[in-house]
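Notes follow the structure.
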Amino acid sequence: MESLNDKSLERVVSQRALQMSSSFPCQICVLGFLCGVCLTSLFMAAFTSFGAASFGGISFSLFSAGISTLNSTSSMPIINDLVGDCKGLPKERERIMYSDKSTTSGTDEKVSLLYTAWSDLLSKSIDKEGQFSQKIRLSKSNVPEAPHLENCKLSGELSQRLDTRSPNGSFPPWTIWKGRLGDLPLSATSNEQLNYYRDQIISEGAYPPWITGSDVENYPLTRKVQRDLWLHQHPVNCNDPSVKFLVADWERLPGFGIGAQFAGMCGLLAIAITEKRVLVTNYYNRADHDGCEETSVECKKRAFELMHDKVAWEKGVITGKDNYTSRDIWSGRIPRAWGSPWSILQPTTEINGSLIVHHRKMDRRWWRAQAIRYLMRFQTEYTCNIMNIARHTAFGWEAAKMVLASSFEDLVKDVKENRNEIERFVWSNHKPWVPRPLLSMHVRMGDKACEMKVVGFEEYMHLAQKLRRSFPNLNTVWLSTEMQDVIDRSKSHHHWKFYYTNVTRQTGNMTMATYEASLGREMSTNYPLVNFLMATEADFFIGALGSTWCFLIDGMRNTGGKVMSGYLTVNKDRFW
């Protein structure tokens, strides 16, 4: 390590000397030049490195070592081995690539250092002394906060609080406040008043905190339906003899992709609501992990007990998937508990320049949107970690440049201080940063041709250009596709920035089941999940209505405050 530091020091000294030589007259003598080198060395020895004022003392070896590592496979830095010791992190790491045509040339050393520091924090490679292990001699407390990363542990704890009844059976702490503002310590009198008004608000119909936007920014009755679904799935007493259950495994057949899995569970939830049963899921044939449950822990425990009770099955206290036909699950009756809110859906989907005013199965479109929103109401710590890695690998370099562009000396001084109350409580609800405006595009081709008319990539880009005419600052695309040909074609569009997961893609007409099997269960679940959540958070979306995956993304967006963003589709095959 010492030899590497010495070489790095010599390299920096040489660079400084070169800069000094260019700033003096060309006639300067060799002796003066050498004196300049000596003075430069003394100066650097006194201040150690620029890191003494910024990163708290990073050795110069990091400039060369960090940059060569980050640029080993691409002109844009990517994370290769972010395997941490956190139980929630997956073992395989997908990498997100930045389109080669849109990367900037050159490497900013400071950006590289900050990016590497965030990478180490993300992979949790911190030793006992709070220093980065064998990579960067930098205290964790001296690293500027990453605007694109989320505190997954804290987020998971908050989500669990908001998804669990209090010990006395009352509502979770749903209030008019978001984030962690409810944790702000108050005086005994103020806290008592706050609790009184909070309980009053909740009892009168406070809406769940996972809904973004007002009623007019979502499908009709979204906030009320989400509240009612949570109440249905979280009875006060799961051991009450009147509580009935429907226990269902996720699909086990290899031909069912993650989109079909979601759609099938939406149908089972519809059956449970109609029959006044609590839906309990069991076997999950994907990337198994603990996380947000469809019901309470108490209800799951009670349902699993009843599964071994023959009398409970005979009396219908508990049912399973085998009690219903495929038609019941996939195209059965939609719950009518809220009337027919789909009848007042406004047209926000466009095909061939015209809005689709009416279509078949509008009730199913509305219901699946509500069901998928409920089932995915909170990100688990596992999912949060996956999304952190995705955002960091895709946007981390730009985030580092953005942070460093601010007053860096002041920033580092602030990092060493404790976060003040407005940062800890009021700003705690801000979502991680991504470049905006962001367009998500899902290009579905391959074996989908047997179900719908597939459309070439250029048709999607034609719609993207149409969006750009109304929103000229739009130039960033999150590209989701299973076809390598689409990735290759995206590189010819020089005026767009494309981000996409770097996984093996299909060539030819390989079936989706074969393709997913080639990736493995974990990877074939995690990378579509990243694409799915990116699409739901993006400002705009382009897809194909014939695709179940796009259908579900559209539902998540229309219950996530984005109904007025509209939806551009390249076809309307199988428009349900």
Side-chain angles (χ1 to χ4, degrees), residues 159 162-163 172 174 205-235 246 248 250 258-281 292-295 328-349 359-379 532-533 535-537 541 543 545 547-565 567 575-576:
S159 296
L162 296 175
D163 204 41
W174 298 352
Y207 294 119
W210 57 86
I211 300 302
T212 300
S214 64
D215 288 335
V216 297
E217 294 172 296
N218 292 285
Y219 269 171
L221 297 186
T222 290
R223 294 196 294 173
K224 174 175 173 49
V225 172
Q226 292 299 308
R227 172 189 167 95
D228 292 347
L229 286 176
W230 192 91
L231 288 173
H232 173 89
Q233 288 291 110
H234 294 79
L246 192 170
W250 293 79
I258 189 170
Q261 296 269 8
F262 287 163
M265 199 53 67
C266 289
L268 287 164
L269 182 58
I271 294 172
I273 295 296
T274 302
E275 296 188 355
K276 294 181 172 53
R277 298 180 181 274
V278 175
L279 175 65
V280 177
T281 62
C292 183
E293 303 289 355
E294 69 288 339
T295 186
D328 294 332
I329 297 171
W330 293 95
S331 56
R333 182 177 175 85
I334 300 304
R336 261 52 178 184
W338 303 278
S340 303
W342 48 84
S343 63
I344 56 173
L345 283 178
Q346 294 296 303
T348 56
T349 301
H359 56 83
R360 297 186 307 110
K361 306 298 182 182
M362 291 182 73
D363 56 345
R364 188 174 302 164
R365 188 181 189 189
W366 177 88
W367 166 250
R368 282 190 177 175
Q370 301 297 337
I372 194 67
R373 170 56 63 181
Y374 172 76
L375 293 172
M376 300 190 71
R377 61 195 180 280
F378 288 121
Q379 282 189 25
F532 186 81
L533 294 175
T536 63
E537 294 296 329
F541 179 65
L545 281 174
S547 164
T548 300
W549 192 242
C550 290
F551 194 80
L552 294 172
I553 288 173
D554 182 51
M556 282 287 284
R557 291 175 60 80
N558 290 329
T559 54
K562 297 185 181 297
V563 72
M564 296 306 293
S565 294
Y567 175 18
F575 196 20
W576 318 95

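Numbers here simply count residues along the sequence, with the first being 1. What you see below is based on every heavy atom in this structure, not just the backbone, and it leaves out hydrogens, waters and symmetry mates.
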Full working for side-chain contact (heavy atoms from CB on, under 4.5 Å) between K361 and D363 | CA-CA 5 Å; K361 306 298 182 182; D363 56 345; 4.2 Å; yes
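- Proximity of a side-chain donor or acceptor of W366 to a complementary backbone N or O of P220 within less than 3.5 Å is detected.
- Checking D163 against W230 by side-chain atom types alone, a donor-acceptor pair falls below 3.5 Å.
- Between T548 and A263, the shortest heavy-atom distance links the atoms CG2-CB, 4.2 Å.
- Between A272 and L279, the shortest heavy-atom contact is CB-CB, 4.0 Å.
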L269 and E294: CA distance, side-chain angles, deciding distance, side-chain contact (heavy atoms from CB on, under 4.5 Å) verdict = CA-CA 10 Å; L269 182 58; E294 69 288 339; over 6 Å; no
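- Across all their heavy atoms, G259 and L552 have their closest contact at O-CD1, 3.4 Å.
- Checking side-chain atoms of R377 against main-chain N and O of Y374 turns up a donor-acceptor pair under 3.5 Å.
- Rounded to the nearest 0.5 angstrom, L375 CG and L229 CG are separated by 8.5 Å.
- A donor-acceptor pair is defined here as one N or O able to donate and one able to accept, closer than 3.5 Å; no such pair exists between the side chain of N558 and the backbone of N218.
- When every heavy atom of G213 is checked against every heavy atom of R223, the shortest pair comes out as O-CD, 4.1 Å.
- Residues forming a ring pair (Phe, Tyr, Trp, His ring centres under 6.0 Å) with F532 (at least two apart in sequence, or on another chain): F262, W549.
- In this structure W338 satisfies the ring pair (Phe, Tyr, Trp, His ring centres under 6.0 Å) test with no other residue, sequence neighbours excluded.
- With hydrogens and angles ignored, the 3.5 Å screen pairs no side-chain donor or acceptor of Q226 with any backbone N or O of Y207.
- A donor-acceptor distance shorter than 3.5 angstrom exists from the side chain of T295 to the backbone of Q233, with no hydrogens or angles considered.
- Taking CD of E293 as the start and OG1 of T281 as the end, the distance is 6.5 Å to the nearest 0.5 Å.
- A side-chain donor-acceptor contact under 3.5 Å links R336 to the backbone of I334.
- Taking every heavy atom of both residues into account, I553 and T536 meet most closely at O-CG2, 4.5 Å.
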So T348 and R557, side chain to side chain donor-acceptor pair (under 3.5 Å) or not? Walk me through it.
-> CA-CA 12 Å; T348 56; R557 291 175 60 80; over 6 Å; no
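- For the pair Q370 (side chain) and W367 (backbone), a donor-acceptor distance under 3.5 Å is absent.
- Using a distance-only test at 3.5 Å, with no hydrogens or angles considered, no donor-acceptor pair links the side chain of W330 to the main chain of G264.
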Trace of the side-chain contact (heavy atoms from CB on, under 4.5 Å) decision for R373 with M556 = CA-CA 6 Å; R373 170 56 63 181; M556 282 287 284; 3.9 Å; yes
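- Residues meeting the side chain to side chain contact (heavy atoms under 4.5 Å, CB included) test with H232, sequence neighbours left out: I273.
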Could you go step by step and tell me if W342 and R365 meet the side-chain contact (heavy atoms from CB on, under 4.5 Å) rule?
-> CA-CA 8 Å; W342 48 84; R365 188 181 189 189; over 6 Å; no
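- In this structure, the side chains of C550 and L545 stay at 4.5 Å or more apart for every pair of heavy atoms.
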